[in-house]
Chemist: 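Next up is a structure, given as structure tokens.
We count ligands from 1, going down the list as the structure has it; atoms in each ligand are counted the same way. Computed from a predicted model, the values in this text were never measured in an experiment.
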Amino acid sequence: MKVLILGGTTEASALARVVAESGIPALFSYAGRVASPRPQPVETRVGGFGGVDGLARFLADNRITHLVDATHPFASQMSHNAVAAADRTGVHLMGLTRLPWTPVPGDQWQHVPDIEAAVDALAGPAERIMLAIGRMHLDAFTRQPQHHYLLRLVDTPQAAIPLPHHTVTVDRGPFTVDGDRALLITHGIDRVVCKNAGGTGADAKLIAARELGLPVLMIDRPEPPPRQEVHTVDDVLAWLGHDADLGV
Ligand SMILES: NC(=O)c1ccc[n+]([C@@H]2O[C@H](COP(=O)([O-])OP(=O)(O)OC[C@H]3O[C@@H](n4cnc5c(N)ncnc54)[C@H](OP(=O)(O)O)[C@@H]3O)[C@@H](O)[C@H]2O)c1
């Protein structure tokens, strides 16, 4: 058995830790979007594979038997590539995903299906917006240049931010409710825009927004590709057949 973990999430790191502790041979893969990714306790590679062909070749060359797609729920391209490469090579594939966030009483969420719809929904007078979507899709928001955008990014941006009015804060989760409440108040935020990432590392802003009575524009997840999926590291271990015999 040899496992390839497609990472870039808290869940992928948690899985790598347990897999390493269990002595299961494994490789970890980062896309390379972040300047200093978290070190992993298993051998790690960085960078794209080169589409489905490249991933299929990588799986074969490295004698991978099990592929765990623990990428972010919005990393749609990678997840589709994983399904196609696993089909082609006969490697077993499992998705490890976080459950999406769901609203609770007090939340004022407006759901939109994608980034473009979020941009459309921001038509109107200038607001102060916390745009918590990472750095990849900021260009789309140039269609609503009237707003002041608070951007929380993992790295100091190397390229110019395309938005005329913005503030950048560089920070990496997990975030706290106290910290996010203070951030929203300090920057006079009127509305939060975010992706429905799920999990506990980034939900502090939603709790803080609820407490402050702020609306949230929630970008819903893209449809996942057809594949098996579980939501916990233990379930992945069970699938690998290592839960019982390794005492995990
Ligand atoms: N999208 C988000 O909101 C978000 C948020 C937090 C973290 N992340 C993490 O950031 C990374 C990139 O996300 P994305 O949305 O840009 O992905 P994406 O659009 O689905 O993938 C684009 C390309 O990036 C490469 N790639 C993605 N994940 C990879 C991985 N783990 N290892 C090696 N190559 C990978 C692949 O290149 P090739 O075709 O060349 O193989 C893939 O086709 C992922 O690891 C994801 O977990 C994403």
Chemist: Does a salt bridge link R143 with D120, judged by any charged N lying under 4.0 Å from a carboxylate O?
Modeler: yes
Chemist: Does any N or O of ligand 1 fall below 3.5 Å from an N or O anywhere on T71, backbone included?
Modeler: no
Chemist: Is it the case that T167 and H148 place a side-chain donor and acceptor less than 3.5 Å from each other?
Modeler: yes
Chemist: Given M78, R33, R45, identify the one with the heavy atom nearest to atom 35 (C) of ligand 1.
Modeler: M78
Chemist: Could an N or O of ligand 1 be found under 3.5 Å from any N or O of S76, whether backbone or side chain?
Modeler: yes
Chemist: N/O to N/O below 3.5 Å, does that happen between S29 and ligand 1?
Modeler: yes
Chemist: Would you mind checking which non-hydrogen protein atom is closest to atom 19 (O) of ligand 1, with the distance to 0.1 Å?
Modeler: Q77 CB, 3.8 Å
Chemist: Quick one: do L122 and I133 end up in the same hydrophobic cluster if we chain Ile, Leu, Val, Met, Phe, Trp and Tyr together by side-chain heavy atoms under 4.5 Å apart?
Modeler: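 Yes, L122 and I133 fall within the same hydrophobic cluster.
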Chemist: Side-chain contact test, heavy atoms from C-beta onward, threshold under 4.5 Å: evaluate it for L240 versus M1 and give yes or no.
Modeler: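 Touching, per the 4.5 Å side-chain cut-off.
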Chemist: Does the distance from a Lys or Arg side-chain N to an Asp or Glu carboxylate O, for R152 and D180, drop under 4.0 Å?
Modeler: yes
Chemist: For the residue pair H147 and Y149, does the interplanar ring angle fall in the parallel (under 30°), tilted (30 to 60°) or perpendicular (over 60°) class?
Modeler: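 Rings of H147 and Y149: perpendicular, as their planes differ by over 60°.
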Chemist: Identify the protein heavy atom lying closest to atom 47 (O) of ligand 1, giving its residue, its atom name and the separation to 0.1 Å.
Modeler: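 Result for atom 47 (O) of ligand 1: H72 N, 2.8 Å.
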Chemist: Can you tell me the protein heavy atom closest to atom 7 (C) of ligand 1 and the distance?
Modeler: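 Going atom by atom, the protein heavy atom closest to atom 7 (C) of ligand 1 ends up being G8 O, 3.4 Å.
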Chemist: Tell me: protein heavy atom nearest atom 39 (O) of ligand 1, and distance?
Modeler: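 Looking at atom 39 (O) of ligand 1, the protein heavy atom closest to it is G51 N, 3.0 Å.
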Chemist: If you measure from the Lys or Arg side-chain nitrogens to the Asp or Glu carboxylate oxygens, is any gap between D53 and R88 under 4.0 Å?
Modeler: yes
Chemist: Taking distance alone, with N or O pairs closer than 3.5 Å, would you say G50 contacts ligand 1?
Modeler: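 Min N/O separation from ligand 1 is below 3.5 Å for G50.
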Chemist: Check contact between G7 and ligand 1, using heavy atoms of the residue and a distance below 4.0 angstrom.
Modeler: yes
Chemist: In the protein, which heavy atom is nearest to atom 3 (O) of ligand 1, and how far is it?
Modeler: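 Of the protein heavy atoms, K195 NZ, 2.6 Å lies nearest.
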Chemist: Can you tell me which residue and heavy atom of the protein come closest to atom 30 (C) of ligand 1, and the distance to 0.1 Å?
Modeler: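 Nearest neighbour among protein heavy atoms for atom 30 (C) of ligand 1, to 0.1 Å: A31 N, 3.5 Å.
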Chemist: Atom 37 (O) of ligand 1: which protein heavy atom is closest, and how many Å away?
Modeler: G48 CA, 3.6 Å
Chemist: If the contact criterion is a heavy-atom separation under 4.0 Å, does G47 count as touching ligand 1?
Modeler: yes
Chemist: Quiz question: by atom type and distance under 3.5 Å, do the side chains of D139 and T142 form a donor-acceptor pair?
Modeler: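 No, no side-chain donor-acceptor pair sits under 3.5 Å.
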Chemist: Judged by modelled atom types alone, do T71 and D69 share a side-chain donor-acceptor pair under 3.5 Å?
Modeler: yes
Chemist: I'd like to check whether L6 has a polar contact with ligand 1, where a contact means an N/O of the residue lying under 3.5 Å from an N/O of the ligand.
Modeler: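 Looking only at distances, the answer is no, because the N/O contact criterion of under 3.5 Å is not met.
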Chemist: Among all the protein's non-hydrogen atoms, which is closest to atom 15 (O) of ligand 1, and how far away is it?
Modeler: A75 CA, 3.5 Å
Chemist: Any non-hydrogen side-chain atom of L4 less than 4.5 Å from a side-chain atom of S29?
Modeler: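 Of all side-chain heavy-atom pairs linking S29 with L4, at least one is under 4.5 Å.
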Chemist: Are H231 and T97 close enough that a side-chain donor and a side-chain acceptor fall under 3.5 Å?
Modeler: yes
Chemist: Between N81 and ligand 1, which residue portion shows a heavy-atom distance shorter than 4.0 Å: side chain, backbone, both, or neither?
Modeler: side chain
